[in-house]
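Note sheet for the following structure.
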Amino acid sequence: WRAQNCPADSETLGRATWTFLHTMAAYYPDTPTPSQEDSMRTFLKGFAQFYPCWYCAEDFRSDTTKNPPAVQSRERLGRWLCERHNEVNRKLGKDEFDCARVLERWRDGPKDGSCD
Ligand code: FAD
């Protein structure tokens with residue numbers, strides 16, 4: 001009960017945020033217009049500025065400066081984000097995720113229909 005009603009710590013915030021970001025990337029257009037590409041770049045820039053875990057945001061800004069957002073398509077954005085998440089996974093000593101499965105995880109669900 002308590003945890004549900006307490007402010008989010010960096011783990012709860014991180015899980016919720018990755019869910020949002022990967023789901024957003026999974027529904028990004030296959031062929032975005034230049035204006036949609038600009039909006040996504042602007043969104044990610046603001047996100048990296050205001051993400052409310054300062055040390056997470058600092059590392060994310062430095063990672064995304066080296067690896068600018070790939071906003072050219074759903075496939076590219078999903079893979080880029082997966083790689084950014086894997087960067088954090090490595091830093092925290094967690095398993096890497098297979099980026100070929102990002103749409104299965106965040107959009108389509110497994111072929112056995114267990115999420116339908
Ligand atoms: P999470 O890492 O939150 O992952 C949730 C689910 O996403 C997993 O169960 C898995 O199904 C799926 N997943 C895992 N990896 C990938 C991937 N590469 N691509 C697609 N899906 C994947 N915490 C810190 O302690 N220090 C930090 O510096 C830090 N930086 C962060 C930066 C950002 C931008 C964000 C959003 C979060 C950050 N976090 C950081 C939080 C951290 O990444 C985790 O969210 C948190 O530790 C909870 O981890 P978890 O094991 O529950 O799964």
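Counting starts at 1 for both ligands and their atoms, following the listed order.
In the displayed structure, Asp9 atom CG is contacted under 6.0 Å by more than 12 heavy atoms of other residues, nucleotides or ligands. In this structure, Arg84 places its CZ atom where more than 12 heavy-atom neighbours from other residues, nucleotides or ligands lie under 6.0 Å away. Within 6.0 Å of CZ in Arg90 there are more than 12 heavy atoms belonging to other residues, nucleotides or ligands.
The nearest heavy-atom contact from the protein to atom 7 (O) of ligand 1 is Trp106 CZ2, 3.2 Å. The protein non-hydrogen atom at the shortest distance from atom 34 (C) of ligand 1 is Phe60 CD1, 3.7 Å. Protein heavy atom nearest atom 50 (P) of ligand 1, with residue, atom name and distance: Lys94 NZ, 3.5 Å. Counting only heavy atoms of the protein, atom 36 (C) of ligand 1 lies nearest to Trp18 CE2, 3.4 Å. If you check which protein heavy atom lies closest to atom 52 (O) of ligand 1, you get Arg15 NH1, 2.7 Å.
When heavy-atom distances to ligand 1 are checked against a 4.0 Å cut-off, Lys91 comes that close only through its side chain, counted from C-beta outward. At a heavy-atom cutoff of 4.0 Å, ligand 1 is contacted by the side chain of Asn89 but not by its backbone. Counting heavy atoms under 4.0 Å from ligand 1, residue Glu83 does not touch it at all. With a 4.0 Å heavy-atom cut-off, ligand 1 is reached by the side chain of Leu92 but not by its N, CA, C or O.
For a threshold of 3.5 Å applied to N or O pairs, the pair formed by Ser10 and ligand 1 contains no separation below that value. Looking at Thr17 next to ligand 1, no N or O pair under 3.5 Å apart turns up. Residue-to-ligand polar distances place Arg105 within reach of ligand 1: an N/O pair is separated by less than 3.5 Å. For ligand 1, the polar-atom distance check against Asp59 finds no nitrogen or oxygen pair separated by under 3.5 Å. Residue Asn86 has at least one nitrogen or oxygen atom sitting less than 3.5 Å from a nitrogen or oxygen atom of ligand 1, judged on distance alone. Polar contact with ligand 1: present for Cys82 (N/O pair, distance under 3.5 Å).
In the hydrophobic clustering of this structure, Trp80 does not group with Val102; members are Ile, Leu, Val, Met, Phe, Trp, Tyr whose side-chain heavy atoms approach within less than 4.5 Å, directly or through other members. Leu81 and Trp106 fall into different hydrophobic clusters, where Ile, Leu, Val, Met, Phe, Trp and Tyr residues are linked whenever their side-chain heavy atoms come under 4.5 Å apart, directly or through other members.
Between Glu87 and Lys91 there is no salt bridge, since no side-chain N of the basic residue sits under 4.0 Å from a carboxylate O of the acidic one.
Scanning Gly14, Cys99, Cys56, Ala57 for the heavy atom closest to atom 29 (C) of ligand 1 points to Cys56. With His85, His22, Glu96, Arg79 as candidates, the residue nearest to atom 2 (O) of ligand 1 on a non-hydrogen basis is His85.
Classification of the Phe20-Phe43 ring pair by plane angle, with boundaries at 30° and 60°, yields perpendicular. Phe60 and Trp18 have perpendicular rings, their planes meeting at more than 60° on a 0 to 90° scale where under 30° would count as parallel.
Within ligand 1, the atoms closer than 4.0 Å to a non-hydrogen atom of Tyr55 are 26 (N), numbered from 1 in the order shown.
Atom SG in Cys56 sits 12.5 Å away from atom CG in Asp63 (nearest 0.5 Å).
Side-chain contact between Pro110 and Glu104 is present, with heavy atoms from C-beta onward closer than 4.5 Å.
No hydrogens or angles considered: nothing links the side chains of Asp38 and Ser35 as a donor-acceptor pair under 3.5 Å.
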